[in-house]
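Atoms within each ligand, like the ligands themselves, are counted from 1 in listed order. The structure displayed is predicted, hence computed values, not measured ones.
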Amino acid sequence: MIQRDQAEFLYQQVVRLIRQLQQQQVLRIGERLPSLRQLSQQLGVSIPTVRQGYEELERLGVIEARDRSGYYLKAESQPSCRPGRLPLNSEPVPVRQQTLLEQFYQAVHQPGILPLGIAQPSMAHPSEKALLRTMRRVTTLAGHQVMHYGPIDGFAPLKRQLAFRYLDVGLSLQPDELIITNGGQEALAIALQAVAKAGDVIAVESPTYFGVLELIETLGMMAVEIPVCPDDGIWLDDLQHVLETQPIRACVFSSSISNPMGSFMPDTQREQLVTLLEQRDIPLIEDDVYGELYFGVQRGRPAQCFSRKGLVLTCSSFSKTVAPSYRVGWLLPGRFGTEVWRLKRALSFSSSLLNQWTMSEFIVSGDYDRNLKKLRQALRLNKDRMMALVQQHFPVGTKVSHPQGGAVLWIELAETVDCNHLFQQALHQQISIAPGSLFSPSQKFTNCFRLSFGVRWQPEVEQAIQTLGQLVVVAP
Ligand SMILES: Cc1ncc(COP(=O)(O)O)c(C=O)c1O
């Protein structure tokens with residue numbers, strides 16, 4: 001029942017056990033839970049561990065403490081409803097996001113602000129100690145070598161390790177089929193320029209990550225929005241309709257874990273997606289930066305696994321799993337290797353050798369996988385906590401995504417609420433959120449916003465959700 005050799009904390013195992021008993025209806029609503037002493041004896045753990053588990057369940061709204069009487073299972077609060085299906089608008093639109101984006105980024109970096117708008121999953125379980133230890137070791141080992149320009153395509157040992165890791169998901173690659181970039185953003189920028197030019201029409205998810213929209217804007221391209229299902233990624237029938245009616249040059253989708261919706265496209269659908277696009281010779285840029293941060297049993301297979309014509313370009317990075325400041329990402333260019341290589345050389349020569357070397361050693365030492373496992377657990381727990389708080393403090397009728405990985409919740413409020421205004425009000429309370437219209441080139445989602453649970457959990461976070469709920473209640 002309780003396993004001491006697991007990475008999961010003992011109190012988390014207590015939380016899981018009580019939830020299982022609740023689901024199996026062994027424990028029913030209104031029933032008293034075993035006392036702290038009873039459960040600690042039954043499970044062979046300490047009383048403080050059981051207490052910590054019960055406190056966590058209380059925080060999640062599953063149980064309540066009654067004065068001098070013990071802990072009781074609460075009635076299920078209303079299951080939060082997911083956002084609904086959006087209508088398709090298949091017309092391409094230019095992207096103009098600059099003003100709001102500038103305000104958003106300024107807010108993120110203001111001192112004293114609680115950054116609930118930015119997606120930094122690694123903050124939920126920072127690995128800075130292990131990482132700094134690794135970097136010190138590399139600096140000593142490699143000496144002046146790390147001060148040179150690195151190879152354009154990246155540090156060979158890191159490329160080998162990444163190629164080796166892809167074998168786990170059934171993708172067999174040679175290290176030279178992979179190029180290291182300055183984060184996932186450079187990978188996306190290179191991929192887009194390798195397959196499209198100014199004036200071309202790019203299909204994106206709706207809602208989509210605003211960094212993709214900013215690239216499309218900067219490169220003078222146009223966007224068509226394909227609605228995302230909160231569970232399974234883009235609606236393939238909508239995509240098919242757009243492919244039949246619009247001159248789509250390329251697609252940028254995050255089918256592993258989408259941002260901001262947190263949906264996960266099952267492998268069978270992912271295969272259909274690749275087939276649909278390759279039949280028409282349309283490249284797919286797969287943004288896979290959240291691929292490793294799934295909450296299910298296994299990560300999704302990258303779309304590359306289903307490609308027959310080499311038209312899939314996969315972009316990823318260590319920003320979400322380890323630390324964004326290292327700016328180490330990568331790109332699997334498919335058949336566009338020559339163009340991608342040329343663009344990398346033209347845009348930035350190479351990526352930091354010290355940082356690549358550190359990531360490489362971080363993987364070899366086993367620290368990467370150990371941290372990743374704990375990070376996924378911390379994120380899943382934060383997600384449950386944040387969903388429970390939103391349910392508790394936001395008005396009835398608020399719709400919330402049920403992310404299957406990653407670090408963000410997508411929240412849909414009543415249509416009358418203006419989240420650009422909410423963004424400003426939240427800033428006055430020292431909280432930053434990401435207003436929904438950032439995620440659409442046609443300023444949809446004005447009544448939505450993104451909330452990050454990629455945070456070190458602390459009372460300030462709980463207070464901030466309560467404050468946001470109050471602001472929404474009084475919002476015009
Ligand atoms: C979906 C998505 N893709 C790409 C990026 C960029 O990643 P990186 O920080 O590695 O450049 C982000 C960062 O927020 C993201 O959310």
Side-chain angles (χ1 to χ4, degrees), residues 97 101 104-105 107-109 115-124 154 158 162 178-192 202 204-216 218 223 225-226 228 233-234 251-265 284-294 299-300 302-303 313-332 344 347-348 351-352 355-356 358-359 375 379 401 403-410 432-434 436 438-440 449-455:
Q97 297 281 59
L101 252 187
F104 169 73
Y105 279 118
V108 167
H109 296 294
L116 298 184
I118 196 97
Q120 294 196 81
S122 56
M123 290 310 293
L158 178 61
L162 288 170
L178 194 153
I179 189 159
I180 303 292
T181 57
N182 292 313
Q185 191 68 17
E186 190 186 53
L188 286 168
I190 292 178
L192 258 175
I202 310 297
V204 297
E205 290 163 351
S206 181
T208 194
Y209 159 58
F210 43 78
V212 166
L213 294 178
E214 191 170 30
L215 278 175
I216 291 178
T218 307
E225 300 172 83
I226 314 292
V228 173
I234 52 154
C251 301
V252 185
F253 299 144
S254 293
S255 33
S256 290
I257 301 290
S258 66
N259 172 12
M261 199 60 95
S263 59
F264 174 90
M265 185 180 268
L284 168 63
I285 299 174
E286 183 185 36
D287 183 351
D288 196 35
V289 294
Y290 291 102
E292 296 261 41
L293 297 181
Y294 55 92
R299 66 156 293 164
L313 302 92
T314 299
C315 304
S316 194
S317 79
F318 292 112
S319 301
K320 308 297 174 184
T321 52
V322 185
S325 60
Y326 280 65
R327 311 306 302 138
V328 181
W330 62 93
L331 172 51
L332 316 184
K344 172 68 188 170
L347 293 174
S348 62
S351 302
S352 154
N355 294 357
Q356 293 181 71
T358 303
M359 288 302 168
L375 177 60
L379 285 169
S401 59
Q404 299 178 52
V408 294
L409 290 183
W410 180 247
S432 87
I433 56 170
L438 278 180
F439 299 83
S440 159
F449 70 99
R450 188 186 79 172
L451 200 54
S452 169
F453 51 84
V455 288

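Neither the backbone nor the side chain of Glu186 comes within contact range of ligand 1; no heavy atom lies under 4.0 Å. Proximity of Pro324 to ligand 1, defined as any heavy-atom pair under 4.0 Å, is not found for any part of the residue.
Here the straight-line distance linking atom CG of Leu293 with atom OG of Ser256 works out to 10.5 Å at 0.5 Å rounding.
Atom 13 (C) of ligand 1 has its closest protein heavy atom at Lys320 NZ, 2.9 Å. Given atom 6 (C) of ligand 1, the protein heavy atom at minimum distance is Tyr209 OH, 3.5 Å. At the top of the distance list for atom 16 (O) of ligand 1, counting protein heavy atoms only, stands Asn259 ND2, 2.8 Å.
The contact set between ligand 1 and Gly183, taken as ligand atoms under 4.0 Å from a residue heavy atom, comprises 10 (O), 11 (O). Shown in contact with Val289 at under 4.0 Å from a heavy atom are these atoms of ligand 1, numbered in order with element: 1 (C), 2 (C), 3 (N), 4 (C), 15 (C). Of all atoms in ligand 1, listed by their number and element, those nearer than 4.0 Å to a heavy atom of Ser319 are 8 (P), 9 (O), 10 (O). Close contacts of ligand 1 with Tyr290, meaning ligand atoms under 4.0 Å from a residue heavy atom, involve 1 (C), 16 (O). Those atoms of ligand 1 with a heavy atom of Gln185 less than 4.0 angstrom away are 6 (C), 7 (O), 8 (P), 11 (O). Below 4.0 Å from some heavy atom of Ser317 lie the following atoms of ligand 1, by number and element: 10 (O).
At least one donor-acceptor pair closer than 3.5 Å links the side chain of Glu286 to the backbone N or O of Ala303. Ser122 places no side-chain N or O within donor-acceptor distance of the main-chain N or O of Thr321, the cut-off being under 3.5 Å. In terms of modelled atom types and a separation under 3.5 Å, the side chain of Asn355 and the main chain of Tyr326 share a donor-acceptor contact. Side-chain N or O atoms of Gln185 include one that pairs as donor or acceptor with a backbone N or O of Gly211 at under 3.5 Å. Remark: the backbone N or O of Ala119 is paired with a side-chain donor or acceptor of Lys320 at under 3.5 angstrom. The closest donor-acceptor contact from the side chain of Gln356 to the backbone of Ser351 lies under 3.5 Å. One N or O on the side chain of Ser258 and one on the backbone of Ser263 form a donor-acceptor pair closer than 3.5 Å. Side chain of Ser452 to main chain of Ile118: a donor-acceptor pair is present (N/O by atom type, distance under 3.5 Å, no hydrogens or angles). Judged by distance alone, with hydrogens and angles left aside, the side-chain atoms of Glu205 form a donor-acceptor pair with the main-chain N or O of Ser254 at under 3.5 Å.
At least one heavy atom of Arg327 lies less than 4.0 angstrom from ligand 1. Within the structure, ligand 1 lacks Phe318 among the residues with a heavy atom less than 4.0 angstrom away.
For the residues Asn182, Val408, Asp288, Asp287, the heavy atom positioned nearest atom 3 (N) of ligand 1 is part of Asp287.
Inclusion of Gly184 in the set of residues having an N or O under 3.5 Å from an N or O of ligand 1 is warranted.
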